[in-house]
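Single-structure report; data block below.
Order of appearance sets the numbers: ligands from 1, and atoms from 1 within every ligand. What you see below is based on every heavy atom in this structure, not just the backbone, and it leaves out hydrogens, waters and symmetry mates. These numbers were taken from a predicted model, which means no experiment stands behind them.
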Amino acid sequence: MEREPQDFGRVLSSMCTEPHPDAREAARRFLASNPGDPTTYPAVAELEREVVERLGEMTGLSDPRGYVASGGTEANLQAVRAARNLADSPDPNVVAPESAHFSFRKAADVLDVELRLAATGDDRRADPAAVRRLADAETALVVGVAGTTEYGRVDPVADLAGVAREVGALMHVDAAWGGFVLPFTDRAWNFEDAPVDIMTIDPHKMGRAPVPAGGFLARDERVLDALAVDTPYLESTSQASLTGTRSGAGVAGAHAALAALWPDGYRENYERGQANAEWLADALASRGYEVVDPVLPLVAADVPRETVDALREEGWRVSPTGSGELRVVCMPHVTREMLESFVADLDAV
Ligand code: 0PR
C-alpha cells in the first residue's frame, strides 16, 4: 500500500507549507544533483548562485555571498560559527533576545560558545538596552529576529546593530520565517536598513520551496572564508557549507519557487496571510480571548490548553507558544475557509 503524506487541510501551526507546483517539479528533476560538489554538478551550482543573488535582491544586498543551507538551524549555527572563528576572544559569547529560536541553543552547545539571552520588552521584541547590558568585549555576535517563531515580532535591527558595532561584534538577523513577507511591509530589517553582516532566510518556510531549502547570506566574503575548509581531493578546493552532500532538490526547488513568485506571488501570499491573521485575531478577540496583535501573519491568543487539546482531537494541527497560547501561522496553504471552519469548531468544543 502506498503511504500518503500529511495533507495541509488542518495544519495551522507549522512553518512548512505546500510547495509551488514549479518547485515540486524542479525538485524532482534535481534529486540526484549535489550542490556540495559544484565542479561535478555545475548546473545545480549555477541555480544556487542565482538563488543567492535573488535572496540578496530581496534583502537589500547587491553582492551577496552565501549558499542554500539545510534550513534555519544550519544557517543560524553557521552565523555563530563564523563569528566565533573571526573573534579575537578565546572565550567568545553570543547575545540574543530570549525570543530567539532554539537553534541558537544547539549552535552554542555544538560550538562551545556561551549564549546570553536578553529579556524582551513588553512588546515581545528584543530590548536593545537589555542586549547592551549582556554584551561585552568578548561578544562575537549579536542576534536579532525578523519574524519571531512564537509571535511574529520584528526586533529593532538597527539599534541591535548599533550595539554590535559598539562592542565589535558581528550582527546577525534571523529572518528564517519573516524574510519572505517583510519585503512587503515598511519594517526595517534587512542589509539596506542597517549594518547587518549575516542573515538567515529560508525558502522552505514562507518561500514555498520544498524541504530542505534554507538560506545563509553574508555581506562580506570574509564570513564565508571563516567557514571554509580545504577539500583537497575535490576539484573545487574549499567548502563553506556545514553539510557536505547537499540537496539538489532543495536548491532547484528554491530556484523555481523564486522564479515563479518573486515579487508578485510573494506579495499576494503576504497580503492574503496578513488579512487572514487579522480576521482570525478579530474572531478570537470578539469571543473574549486575549489576542497578541498580528504584526506579521501569525496569531497568538490565550485560548486555554484544554480547548487547544479538544481542537487537536478534532484533527487541527495546532501547537502552543512556550507560555501556552494558541498559535496559528497563516502560511500560504491556510485559507479563510479553513479558519472559518476552525473557529466554528472552537465554538463547538
Ligand atoms: N529561525 C526561526 C525564526 C524559526 O522559526 C525556525 C524554525 C528556525 C530558525 C529553524 O529553522 P529550521 O527548522 O528550518 O531548521 N521555526 C519552526 C519552529 O521551530 C520550524 C517548524 C516548521 C516547526 C514546521 C514545526 C513545523 O511543522 O516552530
Side-chain angles (χ1 to χ4, degrees), residues 5-19 55 59 67-81 94 96-110 115 117 120 124-126 141 143-155 157 160 172-182 187 189-190 198-217 241-243 246-247 250-251 253-254 273 295-300 312 316-334:
Q6 175 86 39
D7 85 62
F8 282 96
R10 293 201 158 202
V11 174
L12 292 182
S13 294
S14 183
M15 288 185 170
C16 294
T17 195
E18 194 73 74
L55 292 175
T59 59
Y67 70 96
V68 176
S70 56
T73 299
E74 178 184 340
N76 286 340
L77 186 142
Q78 290 277 79
V80 174
R81 181 173 162 229
V94 171
E98 63 188 357
S99 53
H101 187 256
F102 54 74
S103 47
F104 289 99
R105 300 216 308 268
K106 297 183 185 175
D109 185 29
V110 170
L115 177 63
L117 294 175
T120 49
R124 297 183 164 80
R125 302 197 310 155
L141 189 72
V143 175
V145 189
T148 58
T149 310
E150 292 192 301
Y151 299 107
R153 269 14 193 193
V154 184
D155 287 339
V157 169
L160 295 173
H172 174 59
V173 171
D174 181 359
W177 176 72
F180 280 78
V181 293
L182 283 160
R187 304 267 157 186
W189 64 288
N190 69 19
I198 314 174
M199 185 178 286
T200 294
I201 172 168
D202 288 352
H204 74 196
K205 295 192 170 70
M206 277 290 189
R208 297 195 62 194
V211 178
F216 178 83
L217 293 182
S241 57
L242 183 64
T243 53
R246 294 188 286 125
S247 173
V251 168
V295 169
L296 293 179
L298 195 164
V299 182
R312 291 184 60 84
W316 293 104
R317 305 273 60 101
V318 279
S319 54
T321 65
S323 23
E325 288 125 325
L326 167 76
R327 178 170 153 274
V328 172
V329 190
C330 292
M331 295 298 291
H333 65 268
V334 175

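Taking OG from S14 and CZ from R327, the interatomic distance works out to 8.5 Å, rounded to the nearest 0.5 Å. L115 contributes atom CG, which lies 11.5 Å from atom CD of E98 (distance to the nearest 0.5 angstrom).
Put simply, atom 2 (C) of ligand 1 has protein non-hydrogen atoms near it, under 4.0 Å away.
Considering only heavy atoms from C-beta on, L242 comes within 4.5 Å of R81 through its side chain. Residues N190 and L182 form no side-chain contact, since every pair of their non-hydrogen atoms from C-beta on lies 4.5 Å or further apart. Contact of the W177 side chain with the V145 side chain is not registered, since no non-hydrogen atoms from C-beta on lie closer than 4.5 Å. Residues F180 and R208 have side chains not in contact (no heavy-atom distance under 4.5 Å, counting atoms from C-beta outward). The shortest distance between side-chain heavy atoms of Y67 and R246 falls below 4.5 Å. Counting heavy atoms from C-beta on, the side chains of M199 and L55 never come closer than 4.5 Å. Counting heavy atoms from C-beta on, the side chains of T17 and M206 never come closer than 4.5 Å.
The nearest heavy-atom contact from the protein to atom 4 (C) of ligand 1 is T149 OG1, 3.3 Å. Distance from atom 13 (O) of ligand 1 to its nearest protein heavy atom, with residue and atom name: K205 NZ, 4.0 Å. With respect to atom 23 (C) of ligand 1, the closest heavy atom belonging to the protein is M15 N, 4.8 Å. Looking only at protein heavy atoms, the nearest one to atom 24 (C) of ligand 1 is S14 OG, 3.1 Å.
Close contacts between ligand 1 and H204 involve ligand atoms 14 (O) [criterion: under 4.0 Å to a heavy atom]. Listed by number with element, the atoms of ligand 1 under 4.0 Å from a non-hydrogen atom of D202 are 11 (O), 14 (O). When each atom of ligand 1 is checked for a heavy atom of N76 under 4.0 Å away, the hits are 1 (N), 9 (C). Taking every heavy atom of A176 and a limit of under 4.0 angstrom, the matching atoms of ligand 1 come to 1 (N), 2 (C), 9 (C). With ligand atoms numbered from 1 in the order given, ligand 1 contributes 19 (O) to contacts under 4.0 Å with heavy atoms of F102.
Within the 4.0 Å heavy-atom shell around ligand 1 one does not find E74. At least one heavy atom of C16 sits closer than 4.0 Å to an atom of ligand 1. By the 4.0 Å heavy-atom criterion, R317 is excluded from the residues contacting ligand 1.
Distances from atom 15 (O) of ligand 1 to the heavy atoms of T73, L298, V145, V211 put T73 nearest. Distances from atom 8 (C) of ligand 1 to the heavy atoms of H101, E150, M331 put H101 nearest.
Side chain of H101 to main chain of N76: no donor-acceptor pair is present (N/O by atom type, distance under 3.5 Å, no hydrogens or angles).
Heavy-atom neighbours of R317 CZ from other residues, nucleotides or ligands within 6.0 Å: above the threshold of 12.
For T200, no heavy-atom contact with ligand 1 is shorter than 4.0 Å.
Where the criterion is an N or O separation shorter than 3.5 Å, residue side chain and backbone included, G72 meets it with respect to ligand 1.
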